[in-house]
Amino acid sequence: MNVQIIDLPRFLDKRGNLSCVEQLKHIPFKIKRSYWIYDVPDGESRGGHAHKALSQLIVAVSGSFTVTLNDGDVKRTFLLNRPDQGLYVMSGIWLTLDEFSLGAVCLVLASEEYSEDDYIRNYDEFLRFKGK
Ligand code: TYD
């Protein structure tokens, strides 16, 4: 499965910590868009779709949540809870985010601008896209 936990730079000092991401240096794509998901009520899920072309880096900049990935063959769940790590997810993977902790913030750095045409929101269509 085309996913990878990427350790991001971190600069720790007595004033607090700082992490950063540079395109094509820490992640293998150019960033065209960033967005963040926050104030997720207890028990709610996000995602539930795949992308045809978009790659992304998902970071739990605050709190924690789980990311479940499914490439049509294999399903894997990651608990993200570190602001100095990102989950790199390539296109063609069905993705669901669950179990947001109180105050969790999910930052997404994306390789494409927003385009509804790049989304596959129907699971049967996803399986067809994967040739299943
Ligand atoms: P949606 O894709 O449903 O969120 P999730 O990642 O949980 O599946 O997006 C929610 C709404 O926000 C939807 O109306 C589309 C809009 N949206 C944008 O306009 N720009 C963006 O960059 C994103 C990610 C979503």
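In listed order, ligands and their atoms are each counted from 1.
A heavy-atom distance below 4.5 Å is not found between the side chains of L54 and K52.
Using a 4.0 Å heavy-atom criterion, the residues that approach ligand 1 are R33, Y35, R46, G47, H49, Y114, Y119, R121.
Here Y38 pairs with nothing under the side-chain hydrogen bond (donor to acceptor under 3.5 Å, both in side chains) rule; sequence neighbours left out. For N122, the side chain to side chain contact (heavy atoms under 4.5 Å, CB included) test picks out D124, E125, with sequence neighbours left out. Under the rule for a salt bridge (Lys or Arg N to Asp or Glu O under 4.0 Å), D117 has no partner lying at least two apart in sequence or in another chain.
Aromatic ring pairs are classed by plane angle as parallel below 30°, tilted from 30° to 60° and perpendicular above 60°; the pair F100 and F65 is parallel.
Here the closest heavy-atom approach between residue A53 and residue S111 is recorded as O-OG, 4.3 Å.
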